[in-house]
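Comments concern the structure below.
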Amino acid sequence: MNWHQSTTIQLSGLIVSLFGWVLSCVTTYVPLWKSLNLELNDLEVWNLGLWQTCVSQAITQCENYASLLALPLEIKISRVLMVTSNGLGFLAFSLALLGSNCLKTSDPRQKRHFGITGGILFCISGITTLVPISWFAYNTVQDFWDQTVPNVVPRWEFGEALFLGWFAAFFLLLGGCLVISAACFLKTPKASKRPAIHHKAEIATLAIRHPHSSPKNADLVI
């Protein structure tokens, strides 16, 4: 892989990863993880997120959760994982940017290490986004098809944030793999040895031509 191909792949990975990181941040804070439509009132829609619950009628009213300890386990763990994913994504983008070919550094090996580390952190960020999103989706499906709950009771369904989270995890994983591949298969340019060889050849030629050269300042005899 030459220098230009590596730069193209690396920039593509950075752009894709940045887009996934932005989607992950939006997914973390929007209250659209679950939605509930009441059959008695079609105009009233309930939306649930990690930080607050919203009711949409003529206007949208949101309320934060009253107690952290009273929250379900899935919300507590999902908060931790999503915030961790956002932090890792920011750190990964910073390291991958330091390891990009667009920045000139004195040590190409250090640049490669920055790129590989940034790509790995992008992949970890994608996994930490995928886990809570999939967990929420699984619990939503289980509750929707729960036979012990009467059919007249409204059921929670997928919110738009779950789909944003799946896209975010995909873009983070894809961008991380692109950044890693660009850093691993990059052939760093080596310093040319021709000037040193040419200089040694000139010294050898001068030594052959003038084997008994006397110093310029000879001793004076009185």
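When reading the values below, keep in mind they use all heavy atoms of this one structure, side chains included, and skip hydrogens, waters and symmetry mates.
When the side chains of ILVMFWY residues are joined at heavy-atom separations under 4.5 Å, either directly or via intervening members, Ile124 and Phe114 end up in a single hydrophobic cluster. A continuous path of Ile, Leu, Val, Met, Phe, Trp and Tyr side chains, each step under 4.5 Å between heavy atoms, connects Trp156 with Ile75, placing both in one hydrophobic cluster. Hydrophobic clustering, with ILVMFWY side chains joined whenever heavy atoms are under 4.5 angstrom apart, keeps Leu73 apart from Val80. Note: the hydrophobic cluster containing Leu95 also contains Leu88 (ILVMFWY, side chain heavy atoms under 4.5 Å, direct or indirect links). Put simply, Leu164 and Leu81 are part of two different groups of oily side chains (I, L, V, M, F, W, Y) that touch within less than 4.5 Å, one to the next.
Phe163 and Trp166 have perpendicular rings, their planes meeting at more than 60° on a 0 to 90° scale where under 30° would count as parallel. Trp51 and Tyr29 have parallel rings, their planes meeting at less than 30° on a 0 to 90° scale where 60° marks the start of perpendicular.
Rounding to the nearest 0.5 Å gives a distance of 6.5 Å between CG of Leu14 and OG of Ser100. Rounded to the nearest 0.5 Å, atoms CD (Glu74) and CZ (Phe136) are 4.0 Å apart. Asn47 contributes atom CG, which lies 13.5 Å from atom CH2 of Trp33 (distance to the nearest 0.5 angstrom).
Between the side chains of Ser24 and Asn86, at least one donor N or O lies within less than 3.5 Å of an accepting N or O.
When all heavy atoms of Leu178 and Ser12 are compared, the pair lying nearest together is CD1-C, 4.3 Å.
Residues Trp46 and Glu44 are in side-chain contact: their nearest non-hydrogen atoms beyond the backbone lie under 4.5 Å apart.
Ring centroid separation for the pair Trp135 and Tyr138 does not come in under the 6.0 Å cut-off.
Taken together, the cysteine pair Cys123 and Cys177 keeps its SG atoms at least 2.5 Å away from each other.
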* Begin from the C-alpha positions of Thr128 and Thr84 and carry the test side-chain hydrogen bond (donor to acceptor under 3.5 Å, both in side chains) through to its verdict. => CA-CA 7 Å; Thr128 51; Thr84 302; over 6 Å; no
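Distance alone, capped at 3.5 Å, is enough to place a donor-acceptor pair between the Gln10 side chain and the Gly99 backbone. Of the possible polar contacts, one joining the Thr129 side chain to the Ser125 backbone as a donor-acceptor pair under 3.5 Å is found.
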